[in-house]
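Below: the structure, in structure tokens.
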Amino acid sequence: MSRFLSKKYDRLKPYTPGEQPRERKYIKLNTNESPFPPSPLAVKYAREEAERLMLYSDPECRELSAALAKELGVLPSEVILTNGSDEVLNFAFMAYCDENTPAVFPDITYGFYKVFANLSGVPYREIPLTEDFRIDLSEYPSEGTLFIANPNAPTGIALSVSQIEAVIKANPGRMVVVDEAYVDFGAESCIPLIKKYDNLLVTGTFSKSRSMAGARLGFGAASEAIINDLTRIRYSTNPYNVNRMTAAAGIGALRDGDYFRENCKSIIEIRDKTAAALRALGFDMTESEANFLFIRHPKISGKELYLALRENGILVRHFDAPRISEYNRVTIGNAQEMQTFIDTIKKISELKI
Ligand code: PMP
């Protein structure tokens with residue numbers, strides 16, 4: 001840290017992204033990326049758009065907004081496009097939290113929420129998940145802006161739309177932000193509710209189910225007034241936040257709906273098969289509706305398993321955090337990767353359990 005850094009950032013603890021190792025070829029099950037390549041149409045459009053990189057991108061992303069709105073069943077004026085969903089989440093902390101309006105989120109959830117709150121210099125309250133890692137909305141205070149990842153990370157457990165709707169309805173004076181980064185792997189989307197409630201923002205991403213983590217494309221869906229708030233912040237930071245190649249790839253991905261649905265179906269099937277194989281080996285886990293499993297073995301510590309897998313060329317995510325240090329989060333890879341994962345686990349368990 002230099003002596004010039006503003007005081008407001010001197011205690012900021014940045015988010016720690018999952019490892020992206022270069023020293024060796026690992027099976028990467030640690031950052032919830034898709035094991036499948038992006039749609040060939042997304043690649044084709046991005047390639048063609050590269051010819052026009054001398055021009056700024058369209059700050060309104062009109063073509064992509066129209067295509068995405070159609071896909072989501074909303075109006076183009078009800079969506080905002082961002083550089084990954086991290087960006088729209090950051091905008092939401094900037095727009096809807098302040099010293100009198102704390103951010104409220106579970107104690108175990110996406111680690112970036114705390115970072116965004118600190119970056120914006122706003123207070124936050126963490127509400128403990130239940131013993132079995134569920135969000136109990138009746139435990140939540142009635143004030144502050146609520147951030148709910150649905151499904152939650154790293155547990156993968158989802159709330160139903162009716163459970164979330166009850167909170168939105170009972171608290172018309174507070175904003176509720178539902179982060180649906182993993183919704184396409186089996187949970188229900190709250191997007192239809194934006195037509196009914198003006199205190200709801202739903203965020204989503206092309207990073208996971210549409211295999212575009214490296215392109216950085218996220219979005220928010222909400223009433224026009226909320227989209228206008230977020231757009232105001234977007235135009236005050238970086239109006240060209242979605243680059244030309246990414247916007248083109250997004251249009252290609254949306255036009256290739258069959259490819260997207262097939263991939264989601266495969267991931268769900270591989271997840272359920274992997275879960276069954278792990279249970280047979282004595283693991284317990286949360287009921288995940290995401291593209292990852294959150295697993296624990298009664299006889300091998302979370303850290304030990306993480307290190308043993310790493311030694312065997314497989315990366316998973318271990319969080320050295322209270323309540324969850326016995327667990328590992330395992331991203332669902334392709335069928336072959338998950339077979340290798342299970343075979344390696346068997347080998348490790350023979351040695352260590
Ligand atoms: N929300 C959750 C719960 C996540 O796990 C992630 C991915 N790390 C994001 C949002 C952000 O993803 P992206 O910026 O790639 O859209």
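The structure presented is a predicted model; accordingly, all values stated were derived computationally and were not measured. One-based numbering, in listed order, for ligands and for the atoms of each.
- The aromatic ring centres of Phe292 and Tyr182 sit less than 6.0 Å apart.
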Just list the side-chain donor-acceptor pairs under 3.5 Å for residues 149-161, sequence neighbours left out, or say none.
from   : atom 1 : to     : atom 2 : distance (Å)
Asn150 : OD1    : Leu159 : N      : 2.6
Asn150 : ND2    : Leu159 : O      : 3.2
Asn152 : OD1    : Thr109 : OG1    : 2.7
Asn152 : ND2    : Ile108 : O      : 3.0
Thr155 : OG1    : Ile157 : N      : 3.3
Ser160 : OG     : Ser162 : OG     : 3.2
Ser160 : OG     : Gln163 : N      : 3.2
Ser160 : OG     : Gln163 : OE1    : 3.3

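- Pocket lining of ligand 1, defined as residues with a non-hydrogen atom under 4.0 Å away: Gly84, Ser85, Asp86, Leu89, Tyr110, Asp179, Ala181, Tyr182, Thr205, Ser207, Lys208, Arg216.
- Inter-residue side-chain proximity for Leu309 and Ile345 is flagged as met; some heavy-atom pair is nearer than 4.5 Å.
- The side chain to side chain donor-acceptor pair (under 3.5 Å) search around Gln339 returns Asp343, not counting sequence neighbours.
- The list of side-chain hydrogen bond (donor to acceptor under 3.5 Å, both in side chains) pairs with a residue in residues 246-256, not counting sequence neighbours, reads Ser39-Asp256, Tyr45-Arg255, Asn243-Thr246.
- Note that CG of Asn291 is 10.5 Å distant from OG of Ser207, once rounded to the nearest 0.5 Å.
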